[in-house]
Amino acid sequence: QVRLAESGGGSVQAGESLTLSCVGSGYTFRAHCMVWFRQAPGKEREEVASLTSTDSPTYADSVKDRFVIARDNAQNTLYLQMNVVKPEDTGMYYCAADREYGYCDAQRLRSKDLTYWGQGIQVTVSS
């Protein structure tokens, strides 16, 4: 059974740093595209960052140069290092994995039929 479990969320002040973790199990973690999404109240889900199986990252413009996505295949863990956080970074953060492929396709990642998902974890940034 596939499981993705996020941890590391919480409340921080603007300008601080926070690291999210996501442990995957039940599938070959190293072979799949991994991605972080977030959703703020009243807003659509947003792809924050993705990472291919060959460690090629992609970032949303809103987090570029502040966030870093990384993976430790030996620990089956995906990370999101969030630096210089802003109040607009507040939201529920979700870890997801493409069910089949190591490359990251934005259209595939928008489909819950083609991805595995974690339960999400809350991040709150206060000004």
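Computed from a predicted model, the values in this text were never measured in an experiment.
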Once you round to the nearest 0.5 Å, how far does OG1 of T28 lie from CG of N73? 10.5 Å

How many angstroms lie between atom NZ of K43 and atom CZ of R38, to the nearest 0.5 angstrom? 8.5 Å

Between D61 and K64, does at least one N-O distance fall below 4.0 Å, as a salt bridge requires? yes

Using atom types as modelled and distance alone, determine if a side-chain donor or acceptor of T90 lies under 3.5 Å from a backbone N or O of V125. yes

Between T54 and T52, do the side chains contain a donor N or O and an acceptor N or O under 3.5 Å apart? yes

Apply side chain to side chain contact (heavy atoms under 4.5 Å, CB included) to residues N76 and R71 and explain how you reach the verdict. CA-CA 8 Å; N76 284 1; R71 65 198 298 162; over 6 Å; no

Yes or no on side chain to side chain donor-acceptor pair (under 3.5 Å) for N83 and S17, after CA distance, side-chain angles and deciding distance? CA-CA 4 Å; N83 301 313; S17 296; 3.2 Å; yes

Under 3.5 Å, side chain of D72 to main-chain N/O of Q75, donor-acceptor pair present? yes

Hey, what do you get for OH (Y79) to OG (S7), rounding to the nearest 0.5 Å? 9.0 Å

Less than 4.5 Å apart, side chain to side chain, heavy atoms only: is that true for Y101 and R108? yes

If you define the side chain from C-beta out and look only at heavy atoms, does anything of Q39 sit under 4.5 Å from E46? no

Measuring centre to centre across the rings, with the benzene-like ring taken for any Trp, is W117 within less than 6.0 Å of F37? yes

Mind telling me whether F29 and Y27 have parallel, tilted or perpendicular rings, with 30° and 60° as the class edges? tilted

How about S11 and Q122: does a side-chain donor come under 3.5 Å of a side-chain acceptor? no

Closest heavy-atom pair, G9 versus I121, reported as atoms and distance to 0.1 Å, is N-CD1, 3.2 Å

Assess whether a salt bridge exists between D113 and R99, defined as any Lys/Arg side-chain N lying under 4.0 Å from an Asp/Glu carboxylate O. no

Under a single-linkage definition using a 4.5 Å side-chain heavy-atom cutoff for Ile, Leu, Val, Met, Phe, Trp and Tyr, are L51 and V2 assigned to the same hydrophobic cluster? yes

Would you please test E100 and D98 for side chain to side chain contact (heavy atoms under 4.5 Å, CB included) and show each step? CA-CA 6 Å; E100 289 191 62; D98 188 292; 3.8 Å; yes

What's the shortest heavy-atom distance between V35 and A49, and which atoms? CG2-O, 3.2 Å

Do M82 and V48 touch side chain to side chain, with heavy atoms closer than 4.5 Å? no

Indicate yes or no: at least one non-hydrogen side-chain atom of T19 is less than 4.5 angstrom from one of L80. no

Between CD on residue Q119 and CE on residue M92, distance to nearest 0.5 Å: 9.5 Å

Please determine whether residues L114 and Y94 belong to a single hydrophobic cluster, defined as Ile, Leu, Val, Met, Phe, Trp and Tyr linked transitively by side-chain heavy-atom distances below 4.5 Å. no

Side chains of L78 and I69: closer than 4.5 Å at any heavy-atom pair? yes

So, does R3 use its side chain to make a donor-acceptor pair with the main chain of G118 at under 3.5 Å? no

Over all atoms of both residues, closest heavy-atom pair of F67 and Y93: CE2-OH, 4.2 Å

H32 and Y116 aromatic ring geometry - parallel, tilted or perpendicular at 30°/60° bounds: tilted

Working to the nearest 0.5 angstrom, can you tell me the gap between S62 OG and D89 CG? 7.0 Å

Does CD in Q13 sit with more than 12 non-hydrogen atoms of other residues, nucleotides or ligands closer than 6.0 Å? yes

Are side-chain heavy atoms of E6 and W36 found at a separation under 4.5 Å? yes

Quick one: closest heavy-atom pair of S127 and A14, and the distance? CA-CB, 4.2 Å

Is there a side-chain contact between C95 and M34, using heavy atoms and a 4.5 Å cut-off? yes

Can you establish whether the number of heavy atoms outside D65 located under 6.0 Å from its atom CG is more than 12? no

Heavy-atom side-chain contact between L20 and V123 under 4.5 Å: yes

Minimal heavy-atom distance between S21 and T77, with the atoms involved, is CB-CG2, 4.2 Å

